Asker: 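Please find one structure pasted underneath; my questions will follow.
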Amino acid sequence: MTAGKGVKGMRVIIRADGNVQIAMGHIMRCLSIADALRALGADVVFVTAGNESRGLLQTRGYEAVVLGTSYSAMESELGGFSAYFRQHPAELILVDSYFVTRGYMEVLRTWARTAWLDDLGEPVHPVDILINYNIYAKEMSYRERYAKSGAALPGQLLLGCEYAPLREAFGQGRRSVCRDAVQDVLITTGGGDAQNAVGALCGRIAEEIKTGLHRGIRYHVICGPFSEKREELRALAALYPVFRIHENVTDMWELMEQCDIAVSAAGSTMYELCSMRLPAVCFYFAENQRRMAEYFDRFTEIKSAGNIAQNREAVLTALLGRLTQLEEDGQLRRRIREQMETLTDGRGAWRIAERLLAAEDGR
């Protein structure tokens, strides 16, 4: 699809939040969609509850309207949001939050067409376009869920990994290295790490390095924008130069491209890893990440180490054990690369943008 009549100049509002409590996953995936929308000729603006993600949004070239409200009490923002919308109307509102309510979405639908990024499947909300790009999305029985709720089924259901909204760089055919021996390992948890999973795992690795394990391997550690342990990570890297701490990373694909394997929290990063064909082991912090981790574990050899918030020591032990397996087993790494290739090509954001702009108002 190319920008043309009815598309160029179309105004889209994206309502999403990012902060230390919920990290940056919602903002990052919406930025990928925004970039594709903008490339296709749309005018995109972000609306957020607080200031935490404003700098990032502005750095990426987007207007960021801050409502000054609570991200977890969205109905309370409707007055301020409505006042803004009356002054700056849009044809489409894309919402990405776990805190939306049915009443909230019903109000927004009186203003414009609505789209909603969902991960959980329950509850469902009245929208025109529903997007769930997760590995489990097609098994979530949305038709039955909507019928049970009494809400009308959205006119469009965009389901499955083909819609994973990754940054444009991930859709350009880039791949991680495929060496016979592991030399570089990526460790990431996303925007925040309230459980200090990265620091704890790196500490375990450092202890094993003392025994002679992990020889010749560098560990590239992502320190997210909401990390509260950056000084500890810097101190560890000063003691063990094999740990390379990366802060303010803007092009994650460049790090993935040079690495052989990865440790990642369950989230959008998992689809970036699949796009780059970078074998991984995952874990999760919260219940809303559990389904993704379990599906990867069930349908691929990307193992889930479990919930680190509930079983910290067991998860760290499982992560370290699987990481060691991946470092030592080239056949395992090759199989996982092949499995990843079937999941996503990195073009999901473009598919979403095309469908958003091409949709007719059938309400």
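Here the structure is a predicted model, which is why all the values come from computation and not from measurement. Nothing fancy with the numbering, it's 1 onward along the sequence.
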Asker: Please check if the side chain of Arg174 supplies one atom and the backbone of Gly171 the other of a donor-acceptor pair under 3.5 Å.
Answerer: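 No.
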
Asker: Assess the pair His26 and Tyr98: is the distance between their ring centroids shorter than 6.0 Å?
Answerer: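 Ring centres of Tyr98 and His26 closer than 6.0 Å.
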
Asker: List the residues meeting side-chain hydrogen bond (donor to acceptor under 3.5 Å, both in side chains) with Ser82, not counting sequence neighbours, and say none if there are none.
Answerer: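 Checked Ser82 against side-chain hydrogen bond (donor to acceptor under 3.5 Å, both in side chains); matches are Arg86.
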
Asker: Identify every side-chain donor-acceptor pair in residues 216-224 under 3.5 Å, counting partners at least two apart or on other chains, and give the distances.
Answerer:
{"unit_1": "Arg218", "atom_1": "NE", "unit_2": "Asp184", "atom_2": "OD1", "d": "2.8"}
{"unit_1": "Arg218", "atom_1": "NH2", "unit_2": "Asp184", "atom_2": "OD1", "d": "3.3"}
{"unit_1": "Arg218", "atom_1": "NH2", "unit_2": "Asp184", "atom_2": "OD2", "d": "2.9"}
{"unit_1": "Tyr219", "atom_1": "OH", "unit_2": "His214", "atom_2": "ND1", "d": "3.1"}
{"unit_1": "Tyr219", "atom_1": "OH", "unit_2": "Glu327", "atom_2": "OE2", "d": "2.8"}
{"unit_1": "His220", "atom_1": "ND1", "unit_2": "His246", "atom_2": "NE2", "d": "3.0"}
{"unit_1": "His220", "atom_1": "NE2", "unit_2": "Asp184", "atom_2": "OD1", "d": "2.7"}

Asker: For a 4.5 angstrom cut-off between non-hydrogen side-chain atoms, does Gln183 reach Val177?
Answerer: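 Heavy-atom side-chain distance check fails, nothing below 4.5 Å.
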
Asker: Which donor-acceptor pairs under 3.5 Å do the side chains of residues 311-322 make with protein atoms, sequence neighbours left out?
Answerer:
{"unit_1": "Arg312", "atom_1": "NH1", "unit_2": "Gln195", "atom_2": "O", "d": "2.5"}
{"unit_1": "Arg312", "atom_1": "NH2", "unit_2": "Gln195", "atom_2": "O", "d": "3.2"}
{"unit_1": "Glu313", "atom_1": "OE1", "unit_2": "Arg204", "atom_2": "NH2", "d": "2.5"}
{"unit_1": "Thr317", "atom_1": "OG1", "unit_2": "Arg204", "atom_2": "NH1", "d": "3.4"}
{"unit_1": "Thr317", "atom_1": "OG1", "unit_2": "Glu313", "atom_2": "O", "d": "3.0"}
{"unit_1": "Arg322", "atom_1": "NH1", "unit_2": "Gln325", "atom_2": "OE1", "d": "2.8"}
{"unit_1": "Arg322", "atom_1": "NH2", "unit_2": "Glu301", "atom_2": "O", "d": "2.8"}

Asker: For Arg175, check side-chain hydrogen bond (donor to acceptor under 3.5 Å, both in side chains) against everything at least two apart and list the hits.
Answerer: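 By the side-chain hydrogen bond (donor to acceptor under 3.5 Å, both in side chains) rule, Arg175 matches no residue at all.
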
Asker: Tell me yes or no: between the side chains of Glu294 and Tyr284, is some donor less than 3.5 Å from an acceptor?
Answerer: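 Absent: no donor and acceptor within the cut-off.
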
Asker: Per the side chain to side chain donor-acceptor pair (under 3.5 Å) rule, what does the pair list look like for residues 161-171, sequence neighbours excluded?
Answerer: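 Passing the test, one end in residues 161-171: Tyr163-Arg355.
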
Asker: List in chain and number order the residues that pass side-chain hydrogen bond (donor to acceptor under 3.5 Å, both in side chains) with Glu254, two or more places apart in sequence or in another chain; answer none if no residue qualifies.
Answerer: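 Glu254: no side-chain hydrogen bond (donor to acceptor under 3.5 Å, both in side chains) contacts found.
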
Asker: If the condition is side chain to side chain contact (heavy atoms under 4.5 Å, CB included), which residues does Glu122 pass it with, not counting sequence neighbours?
Answerer: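 Expected list: Arg145.
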
Asker: By the ring pair (Phe, Tyr, Trp, His ring centres under 6.0 Å) test, which pairs, at least two apart or in different chains, include something from residues 143-162?
Answerer: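 Counting only pairs at least two positions apart or across chains, no ring pair (Phe, Tyr, Trp, His ring centres under 6.0 Å) contact touches residues 143-162.
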
Asker: Report yes or no: does Ser149 contribute a side-chain atom to a donor-acceptor pair with the main-chain N or O of Val124 at less than 3.5 Å?
Answerer: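 Between the backbone of Val124 and the side chain of Ser149 there is no qualifying donor-acceptor contact (under 3.5 Å).
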
Asker: So, does Arg333 use its side chain to make a donor-acceptor pair with the main chain of Asp180 at under 3.5 Å?
Answerer: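 A pair under 3.5 Å: yes.
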
Asker: Among all residues two or more places apart in sequence or in another chain, which pass the side chain to side chain contact (heavy atoms under 4.5 Å, CB included) test with Glu63?
Answerer: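 Side chain to side chain contact (heavy atoms under 4.5 Å, CB included) check on Glu63 returns Arg11, Val45, Val65, Tyr84.
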
Asker: Under the 3.5 angstrom rule, does the side chain of Ser176 hit a backbone N or O of Met276 as a donor-acceptor pair?
Answerer: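 Checking the backbone N and O of Met276 against the side chain of Ser176, a donor-acceptor pair under 3.5 Å is found.
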
Asker: Got a sec, which pairs hit ring pair (Phe, Tyr, Trp, His ring centres under 6.0 Å) with one end in residues 304-331, sequence neighbours left out?
Answerer: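 For residues 304-331: none.
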
Asker: Can you establish whether the number of heavy atoms outside Asp251 located under 6.0 Å from its atom CG is more than 12?
Answerer: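 Above 12, so yes.
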
Asker: What residues, two or more places apart in sequence or in another chain, satisfy side chain to side chain contact (heavy atoms under 4.5 Å, CB included) together with Ala36?
Answerer: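 For Ala36, the residues satisfying side chain to side chain contact (heavy atoms under 4.5 Å, CB included) (neighbours in sequence not counted) are Ala349, Trp350, Ala353.
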
Asker: According to side chain to side chain contact (heavy atoms under 4.5 Å, CB included), who are the partners of Ala49, at least two apart in sequence or on a separate chain?
Answerer: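 Arg15, Asp17, Thr69, Tyr71.
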
Asker: Keeping the roles fixed (side chain from Asn134, backbone from Tyr136), state whether a donor-acceptor pair exists under 3.5 Å.
Answerer: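 Checked: no pair found.
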
